[in-house]
Amino acid sequence: MIDRLEKEVDMLERHLQVLKMVIESEPIGIVKMSNETGYPHHKVRYSLRVLEEENLIEPSSQGAITTERTSEFVAELDDKINEINDKLEGMKIGETAEAE
């Protein structure tokens, strides 16, 4: 059960790392991202596809570039991560049992 969540968090981390590279170095291609991150090409390609489906990046002839939606997403990201983190903290069983 927790393994699935951990895999999703790892994948989200990769997607966000790819997005950060696009923001910092646009336009940027798959080969450069793969070389800099150490992720295989197919994983970078998948992350780019997910980011494109979310309208956070778009392809160009020189590589991936950001969209109008990217800055809004980035501005809200920390708050969303904090909300999820708070929810996960509240789910802990061990600390609750120890407090009683």
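Below, all heavy atoms of this structure are taken into account, side chains as well, without hydrogens, waters or symmetry copies.
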Thr70, Thr67, Leu51 screened by side-chain contact (heavy atoms from CB on, under 4.5 Å) with Glu58, the one that passes:
Thr67

In Å and rounded to the nearest 0.5 Å, what is the OG to CD1 distance from Ser25 to Ile65?
14.0 Å

Kindly compute the distance separating CD (Glu76) from CD (Glu83), expressed to the nearest 0.5 Å.
10.0 Å

Hey, quick one: are Leu12 and Leu5 part of the same hydrophobic cluster, counting side-chain heavy atoms closer than 4.5 Å, chains of contacts allowed?
no

For Val22 versus Ala64, what's the shortest heavy-atom pair and its separation?
CG1-O, 3.7 Å

Test item: Asn85 side-chain N/O and Ile81 main-chain N/O as donor-acceptor pair under 3.5 Å:
no

Count I, L, V, M, F, W, Y as connected when their side-chain heavy atoms are under 4.5 Å apart, and connections chain through other members. Are Val18 and Val50 then in the same cluster?
no

Under a single-linkage definition using a 4.5 Å side-chain heavy-atom cutoff for Ile, Leu, Val, Met, Phe, Trp and Tyr, are Tyr46 and Ile28 assigned to the same hydrophobic cluster?
no

Single-linkage hydrophobic cluster, 4.5 Å side-chain cutoff, Leu48 and Met21 together:
yes

Kindly indicate, with the supporting measurements, whether the criterion side chain to side chain donor-acceptor pair (under 3.5 Å) is fulfilled by Thr66 and Glu26.
CA-CA 7 Å; Thr66 58; Glu26 65 179 315; 2.9 Å; yes

Distance, nearest 0.5 Å, that separates CD of Glu8 from CD of Glu13:
13.0 Å

Can you find a pair of side-chain heavy atoms, one from Glu6 and one from Val9, that are under 4.5 Å apart?
no

In this structure, OG of Ser34 is separated from NZ of Lys43 (nearest 0.5 Å) by 11.0 Å

Starting at NE2 of His15, measure out to CD1 of Ile57 and round the result to the nearest 0.5 Å.
10.5 Å

Report the residue from Lys87, Lys92, Met91 that forms a side-chain contact (heavy atoms from CB on, under 4.5 Å) with Glu89.
Lys92

Can you tell me how far the CG atom of Asn55 sits from the CZ atom of Phe73, to the nearest 0.5 Å?
12.0 Å

Can Leu77 be reached from Leu56 by stepping across I, L, V, M, F, W or Y side chains whose heavy atoms are under 4.5 Å apart?
yes

Would you call Arg14 and Met11 a side-chain contact if the rule is heavy atoms closer than 4.5 Å?
yes

